[in-house]
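Not measured: the values here are computed from a predicted model. Along the sequence shown, residues are numbered consecutively beginning with 1.
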Amino acid sequence: MNYCRLCNGMPAENRACSICMGALKDQGKIYDFYDDYSPYMEIDLNKLVDGDPKSTQKPECVHMFICEACGTQQELKIFYGS
């Protein structure tokens, strides 16, 4: 079974900001920021409206990260583990 490690509470490797090399902090799935109800929807339903017609076939979950030093927001793909 494939799953997103971050969504399931597993620790992630440290990620660095591409601007200032500060530490990035996970803010959750990008799909959770779509509207008020999206955090409660199945991820495959949210992937249907993300603008990528093949995203439901990709083993990845896109997360929003924010740099703790400069405040830059970055979207990063987290590939599923098993």
Side-chain angles (χ1 to χ4, degrees):
M1 179 173 176
N2 292 325
Y3 58 90
C4 174
R5 295 178 181 279
L6 295 181
C7 289
N8 285 284
M10 298 177 139
E13 63 273 3
N14 294 332
R15 298 179 186 269
C17 175
S18 62
I19 306 294
C20 72
M21 300 307 290
L24 290 177
K25 184 175 180 184
D26 181 27
Q27 301 298 303
K29 299 184 309 269
I30 191 68
Y31 313 112
D32 291 351
F33 295 93
Y34 284 173
D35 63 30
D36 293 341
Y37 296 102
S38 60
Y40 306 104
M41 295 176 64
E42 290 291 326
I43 198 166
D44 287 336
L45 289 175
N46 283 326
K47 283 184 171 185
L48 292 173
V49 297
D50 68 359
D52 182 0
K54 295 185 180 184
S55 65
T56 57
Q57 300 167 0
K58 297 177 183 175
E60 63 192 21
C61 186
V62 182
H63 279 248
M64 174 69 73
F65 286 83
I66 191 165
C67 177
E68 294 179 333
C70 70
T72 301
Q73 293 181 350
Q74 298 179 21
E75 296 176 15
L76 299 175
K77 294 178 181 178
I78 307 301
F79 293 96
Y80 292 162
S82 53

Do [X] and [Y] touch side chain to side chain, with heavy atoms closer than 4.5 Å?
X	Y	value
Q74	C17	yes
H63	C4	yes
Q73	I66	yes

Can M64 be reached from V62 by stepping across I, L, V, M, F, W or Y side chains whose heavy atoms are under 4.5 Å apart?
yes
Answer yes if Y31 and Y80 sit in the same cluster of Ile, Leu, Val, Met, Phe, Trp and Tyr residues linked by side chain heavy atoms under 4.5 Å apart, and no otherwise.
yes
Suppose we screen for salt bridge (Lys or Arg N to Asp or Glu O under 4.0 Å). Which residues come up paired with K25, at least two apart in sequence or across chains?
none
Separation between [atom1] of [X] and [atom2] of [Y], rounded to the nearest 0.5 Å:
X	Y	atom1	atom2	value
R15	I78	CZ	CD1	4.0 Å
C67	I19	SG	CD1	9.0 Å
K77	K58	NZ	NZ	5.0 Å
C7	D32	SG	CG	7.5 Å

Step through the shown structure and confirm whether more than 12 heavy atoms of other residues, nucleotides or ligands are within 6.0 Å of CG on N8.
yes
Heavy-atom closest pair (E60 atom, F79 atom, distance to 0.1 Å) is OE1-CE2, 3.3 Å
Smallest separation among heavy atoms of A16 and L24, with atom names
O-CD1, 3.6 Å
